[in-house]
Amino acid sequence: MNLKKNTLLKFIVLYLLFPLNSYATDISERCLIYDNSIGQVKLNTKIVDYLKVKEISYAKEKNADGIFIWHLNVNKFYSLDAIVNSAGRIIYIETFDVRCKNKWGIHPGMTLTRAGEIMGGIEKTYSTEIEMRQYAIFKNRSLQIFRVKANSEYTVDSILSIGISSK
C-alpha cells in the first residue's frame with residue numbers, strides 16, 4: 001500500500017495523532033503563569049468580567065480572616081483562586097493546579113529541589129507567623145510567589161502553589 005496515494009489512510013493517521021498532541025499542548029498553554037496573569041485571568045481586572053464568560057465557573061467563599069476567595073475553574077482545563085479588592089479588581093491570583101506552569105516550567109507539584117535547580121538554587125525558605133505557611137525564594141529572583149508543601153516522613157518538599165500579586 002503506497003502512503004502517498006492513499007489519502008484516506010493519511011487522513012486517519014493524522015486524525016489519530018494530532019488531536020492527542022494538540023490537546024496536551026492546549027492545556028499547558030492555556031495555563032501559563034506570567035508575572036501579571038495566570039492563564040486567561042489577569043491582575044487588576046474586574047472579577048465581574050470573568051463571571052460573564054461561560055467557560056469560567058466559579059464559587060466564592062470567605063476565609064477565616066473574612067477575605068473572600070473566588071475559586072475559578074476555567075473550562076475544566078485548570079483552576080485558580082483570586083482575591084479581589086473593594087473596587088472589585090483582582091489583586092492576587094494563586095493556582096494549585098499541576099497543569100499550570102511558568103516560563104521556566106515550574107509547576108505546583110514539582111519538587112522544591114528540582115525547582116531550585118532550575119532557578120539557580122534556593123536562597124531561603126520562610127514561614128508566615130500567623131498561618132505558618134511556608135514559602136521559597138530562589139536565587140534567580142521572580143515576582144511569582146512559590147508556596148511550599150513541607151515534607152513529611154512520606155513525601156519530599158514540593159511546590160504547593162504559585163501565586164502572583166499586584167502589590
Side-chain angles (χ1 to χ4, degrees), residues 24-116 118-152 155 157-167:
T25 304
D26 193 34
I27 292 173
S28 63
E29 287 183 5
R30 284 179 185 241
C31 193
L32 289 175
I33 303 167
Y34 296 101
D35 293 341
N36 67 344
S37 67
I38 296 180
Q40 299 174 2
V41 181
K42 295 182 179 177
L43 290 173
N44 298 313
T45 55
K46 291 196 172 257
I47 190 72
V48 294
D49 294 341
Y50 296 106
L51 305 183
K52 297 174 189 174
V53 178
K54 65 180 170 182
E55 289 87 20
I56 298 178
S57 60
Y58 65 92
K60 180 176 144 182
E61 72 174 319
K62 196 181 270 190
N63 69 9
D65 298 325
I67 298 171
F68 282 106
I69 308 290
W70 293 81
H71 305 288
L72 305 174
N73 188 337
V74 182
N75 206 17
K76 299 183 182 176
F77 283 115
Y78 60 92
S79 59
L80 50 89
D81 295 338
I83 296 177
V84 177
N85 66 12
S86 59
R89 296 202 175 274
I90 298 171
I91 58 170
Y92 183 76
I93 308 170
E94 180 176 37
T95 186
F96 297 83
D97 198 317
V98 298
R99 296 169 291 189
C100 299
K101 64 181 180 180
N102 63 18
K103 65 182 177 183
W104 300 286
I106 298 172
H107 57 83
M110 178 180 275
T111 66
L112 189 57
T113 305
R114 179 67 186 125
I118 293 169
M119 297 295 289
I122 300 166
E123 188 171 304
K124 71 175 183 175
T125 58
Y126 66 94
S127 296
T128 58
E129 288 184 31
I130 298 172
E131 301 154 329
M132 294 305 295
R133 292 182 177 173
Q134 191 175 7
Y135 295 90
I137 297 176
F138 298 107
K139 289 182 180 173
N140 293 341
R141 295 290 176 134
S142 170
L143 295 175
Q144 297 169 9
I145 302 160
F146 299 93
R147 188 168 158 196
V148 176
K149 180 180 179 184
N151 69 341
S152 68
T155 62
D157 287 356
S158 61
I159 302 295
L160 178 64
S161 69
I162 300 176
I164 55 174
S165 176
S166 63
K167 297 176 185 178

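Quantities reported herein were computed from a predicted structural model and do not represent experimental measurements.
- Distance check, rounded to the nearest 0.5 Å: NZ of K124 to CD1 of I137 gives 4.5 Å.
- Counted by atom type alone, S127 and Q134 present zero donor-acceptor pairs between their side chains at under 3.5 Å.
- To the nearest 0.5 angstrom, T125 atom OG1 is 10.0 Å from F138 atom CZ.
- Looking at heavy atoms from C-beta onward, I83 lies in side-chain contact with I67 at the 4.5 angstrom threshold.
- The structure places CD1 of I47 at 9.5 Å from NZ of K60, a figure rounded to the nearest 0.5 Å.
- Proximity of a side-chain donor or acceptor of N63 to a complementary backbone N or O of D65 within less than 3.5 Å is detected.
- Residues E94 and F96 meet the side-chain proximity criterion, which asks for heavy atoms closer than 4.5 Å.
- A side-chain donor-acceptor contact under 3.5 Å links T128 to the backbone of R133.
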Quiz prompt | Test side-chain contact (heavy atoms from CB on, under 4.5 Å) applied to S79 and H71, step by step | solution = CA-CA 7 Å; S79 59; H71 305 288; over 6 Å; no
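- Scanning all heavy atoms of the two residues, the minimum distance from F68 to K62 falls at CZ-CE, 3.4 Å.
- Although no hydrogens or angles enter the test, the distance criterion places no donor-acceptor pair under 3.5 Å between the side chain of S37 and the main chain of Y34.
- Between I122 and G116, the shortest heavy-atom contact is CG1-CA, 4.0 Å.
- The line from OG of S161 to CD1 of I33 is 9.0 Å long, rounded to the nearest 0.5 Å.
- Side chains of M110 and K101 form no contact here, defined as non-hydrogen atoms less than 4.5 Å apart.
- Within 6.0 Å of the CD atom in E129, the count of heavy atoms belonging to other residues, nucleotides or ligands does not exceed 12.
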Quiz prompt | Evaluation steps, side-chain contact (heavy atoms from CB on, under 4.5 Å), between I145 and S165 | solution = CA-CA 8 Å; I145 302 160; S165 176; 4.1 Å; yes
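- Within the 3.5 Å criterion, the main-chain N or O of S57 finds no donor-acceptor partner in the side chain of N73.
- Under the 4.5 Å side-chain criterion, counting only non-hydrogen atoms from C-beta, K42 is not in contact with I90.
- A donor-acceptor contact shorter than 3.5 Å is absent between the side chain of N75 and the backbone of F77.
- Between V41 and L80 the shortest side-chain heavy-atom distance falls below 4.5 Å.
- T95 contributes atom OG1, which lies 12.0 Å from atom NE2 of H107 (distance to the nearest 0.5 angstrom).
- To the nearest 0.5 angstrom, I38 atom CD1 is 4.5 Å from I164 atom CD1.
- Using a 4.5 Å cut-off on side-chain heavy atoms (C-beta onward), P108 and I162 make contact.
- Looking at every heavy atom in both residues, Q144 comes nearest to N102 through OE1-ND2, 2.9 Å.
- With hydrogens and angles left out, the side-chain atoms of S166 and Y92 include no donor and acceptor closer than 3.5 Å.
- At least one donor-acceptor pair under 3.5 Å links the side chain of K46 to the backbone N or O of A87.
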Exercise. Check step by step if ring-ring contact (aromatic ring centres under 6.0 Å, His included) holds for Y135 and F146.
Key: CA-CA 6 Å; Y135 295 90; F146 299 93; 9.9 Å; no
Quiz item: Should W70 and D81 be marked as a side-chain contact (heavy atoms from CB on, under 4.5 Å) after you check the CA-CA gap, both sets of side-chain angles, and the distance that decides it?
Solution: CA-CA 5 Å; W70 293 81; D81 295 338; over 6 Å; no
Practice problem: Show your reasoning for whether side-chain contact (heavy atoms from CB on, under 4.5 Å) applies to V84 and R89. | Solution: CA-CA 5 Å; V84 177; R89 296 202 175 274; 5.6 Å; no
